[in-house]
Engineer: 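Just passing along the structure, written as structure tokens.
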Protein chains: 2
Amino acid sequence: MKRSFVPAYYQVAEDLSREIEAGGLRPGDAIPSESQLCARYGISRMTVRQGLNLLGEADYIRSVPGKGSFVSAPRLDRIALEFGEGALGDGRRLEQELLGVDVVSADAEVAERLSLTEAAKVVQFRRLSLLGTKPVAFEQKYLPYAKGRPLVEQEIRYAAFPALVARSCETHLVKVRMTIYAGKASAEATAKLPLDDCGICMVLEQSVLDQDDRVLGWGKTYCSPEEYRLTAESDPFWNRM
Amino acid sequence: MKRSFVPAYYQVAEDLSREIEAGGLRPGDAIPSESQLCARYGISRMTVRQGLNLLGEADYIRSVPGKGSFVSAPRLDRIALEFGEGALGDGRRLEQELLGVDVVSADAEVAERLSLTEAAKVVQFRRLSLLGTKPVAFEQKYLPYAKGRPLVEQEIRYAAFPALVARSCETHLVKVRMTIYAGKASAEATAKLPLDDCGICMVLEQSVLDQDDRVLGWGKTYCSPEEYRLTAESDPFWNRM
DNA sequence: GAGTGGTCTAGACCACGCT
DNA sequence: GCGTGGTCTAGACCACTCA
């Protein structure tokens, strides 16, 4: 039963996924029962289940107790976005330039997003992303000011905002919520980025939350429309075996 | 060993994830070995492994053969976007209005994206998304024209583009690649959407691919900046148990 | 009642990392 | 050599579905 170098459970998963991809099994169809697969491959049920588990994780099938396992239609309206390295889609890399870190008073918008009172002290930091020498994104982020929470410049320069917030708050489990829309650049963004007359740019609004959805940090990134495009793909990491 | 109503493996996963969230186990730390967990819970190793598998899927831990299992730092630069229902973030729903389905000649851009020769026949369809009575997005999609591939109007009206393409091509396993950027609306989009003078809008460029990355369909959606914002979250579905 | 998937056991052998 | 995780077995009982 083990004539190949791949694990038996992997073989089961691969065979079935191939049959699904070839169209022999269509969404809604039942796949062979676990005991049938045991017999077909001459392996034990736990091993078959391990293979089916792979297919389940990859959204190829879903199991219904008492009935069987069925081929499922993959979700195409759910897509994974990657920031950082993969944001530009191609292989180009971004340089970071730190423009400044300041303690300032929160304006109305910042106060609201951070759930602070207006004019509360916040740490503001501003950063420019460069593609070679050309600025392509301007980032302006805020987090509540707290004494004895030093933010090392080197970290600010290179670290992504969520990681910075996590380190600053000494929580390591944070979530990120993002809103993406087209808009006009702020005055400072307009000054820093090569935009057209209208100041069209893509705005990424980012909130960093802890486990209980408390806001730990917030800010915007203004992206040059020509150079900074987001690319995303369905089935990016969970549909691969 | 089975004093509770929850499965034993689930108990293991929950206990460990709670310890990770509470900070008792930090990223990089080793979790107890499988045999230690067997002893602690009085359960067999396969059951422990089932629990650890859950934690692995959820990105809480990763296992290293011969060494142990270690708490991993969750990725915060990877975010899930949902279109369709969840696109607007709040509970509002979009209505679809079909503007037209035509067989036209591909212009240079369409031909390039669909890997066709210029002036090849393509099916163009145009659709408006309405929030109540207000238009918020204009969609213009193309797929290669082929005889004997009728596209039923009812389907076009309601179905998402990838599903349409899948049905039309009789392939059910398709992928979606998306590019998101800010830009100026096309003439027709400007006519259909309430935009400001500059015609700022968010453009969603969507390609539908088959398993071998052949392009089956392509098109753009112009989104009103005020009403149509994308929201996305890290750890949205895989970090939940 | 027969068949299905969900859970679980008490073992086993292996390749690997360490010391 | 010893402990680790990776794979696998040959059973078991349960809740569920369907005829």
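In what follows, chains are A, B, ... by sequence order, proteins preceding strands, each numbered from 1.
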Engineer: Among dG5(D), dG11(D), dA10(C), find the nucleotide with the atom closest to the side chain of Met46(B).
Structural biologist: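 Out of dG5(D), dG11(D), dA10(C), the nucleotide with an atom closest to Met46(B)'s side chain is dA10(C).
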
Engineer: In chain order, what residues pass the side chain to side chain contact (heavy atoms under 4.5 Å, CB included) check against Glu205(B), with sequence neighbours excluded?
Structural biologist: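 Side chain to side chain contact (heavy atoms under 4.5 Å, CB included) check on Glu205(B) returns Arg229(A), Arg113(B), Thr179(B), Tyr181(B), Trp218(B), Lys220(B).
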
Engineer: Ser63(A) side chain: which of dG5(C), dT9(C), dC8(D) is closest?
Structural biologist: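 Closest nucleotide among those given: dG5(C).
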
Engineer: Return a single string for nucleotides 12-19 of chain C, one symbol per nucleotide in 5' to 3' order, where B is base contact, S is sugar-phosphate-only contact and - is none, cutoff 4.0 angstrom on heavy atoms.
Structural biologist: B---BSS-

Engineer: Measure the distance from CD on Gln11(B) to C1' on dC8(C) and round it to the nearest whole Å.
Structural biologist: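 In whole Å, dC8(C) C1' and Gln11(B) CD are 15 Å from each other.
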
Engineer: Taking CD from Glu34(A) and C1' from dT7(C), how many angstroms apart are they, rounded to a whole number?
Structural biologist: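 Distance check: Glu34(A) CD to dT7(C) C1' gives 11 Å.
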
Engineer: Scan for salt bridge (Lys or Arg N to Asp or Glu O under 4.0 Å) pairs involving residues 65-74 of chain B, sequence neighbours excluded, and state none if there are none.
Structural biologist: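 Listed once each, the pairs would be none.
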
Engineer: Quick check for you: among dG5(D), dT9(C), dG6(C), whose closest atom lies nearest to any side-chain atom of Arg49(B)?
Structural biologist: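 The listed nucleotide nearest to Arg49(B)'s side chain is dG5(D).
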
Engineer: For Asp29(B), enumerate each residue passing the side-chain hydrogen bond (donor to acceptor under 3.5 Å, both in side chains) test, keeping only those at least two apart in sequence or located in another chain.
Structural biologist: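 If we apply the side-chain hydrogen bond (donor to acceptor under 3.5 Å, both in side chains) test to Asp29(B), skipping adjacent residues, there are no hits.
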
Engineer: I need the CG-P distance between Leu52(B) and dT7(D), as an integer number of Å.
Structural biologist: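 Between P of dT7(D) and CG of Leu52(B): 14 Å.
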
Engineer: Show me the donor-acceptor pairs, under 3.5 Å and distance only, between side chains in residues 32-40 of chain B and residues at least two apart or in other chains.
Structural biologist:
| from | atom 1 | to | atom 2 | distance (Å) |
| --- | --- | --- | --- | --- |
| Ser33(B) | OG | Ser35(B) | OG | 3.2 |
| Ser33(B) | OG | Gln36(B) | N | 3.3 |
| Glu34(B) | OE1 | Arg45(B) | NE | 2.7 |
| Glu34(B) | OE1 | Arg45(B) | NH2 | 3.0 |
| Glu34(B) | OE2 | Arg49(B) | NH1 | 2.9 |
| Gln36(B) | OE1 | Ser33(B) | N | 2.9 |

Engineer: For the side chain of Pro7(A), counting heavy atoms from C-beta on, which of dT7(D), dT9(D), dG5(C) is nearest?
Structural biologist: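 Of the options given, the side chain of Pro7(A) lies nearest dT7(D).
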
Engineer: Can you check the Tyr10(B) OH to dC8(C) C1' distance for me, whole Å?
Structural biologist: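 It is 18 Å, rounded to the nearest whole Å.
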
Engineer: Let me know the distance between CD of Gln36(A) and P of dG3(C), rounded to the nearest Å.
Structural biologist: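 Taking CD of Gln36(A) and P of dG3(C), I get 11 Å after rounding.
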
Engineer: When you measure from the side chain of Ser44(B), which nucleotide among dA10(C), dC8(D), dG6(C) comes out closest?
Structural biologist: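 For the Ser44(B) side chain, the nearest candidate turns out to be dA10(C).
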
Engineer: What residues, two or more places apart in sequence or in another chain, satisfy ring-ring contact (aromatic ring centres under 6.0 Å, His included) together with Phe161(A)?
Structural biologist: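 Counting only residues at least two positions away or on another chain, Phe161(A) forms a ring-ring contact (aromatic ring centres under 6.0 Å, His included) with Phe125(A).
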
Engineer: Are Asp15(B) and Tyr41(B) close enough that a side-chain donor and a side-chain acceptor fall under 3.5 Å?
Structural biologist: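 Yes - a donor-acceptor pair under 3.5 Å links their side chains.
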
Engineer: Round to the nearest Å and state the distance from Leu55(A) atom CG to dG5(C) atom P.
Structural biologist: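 For the pair Leu55(A) CG and dG5(C) P, the rounded distance is 13 Å.
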
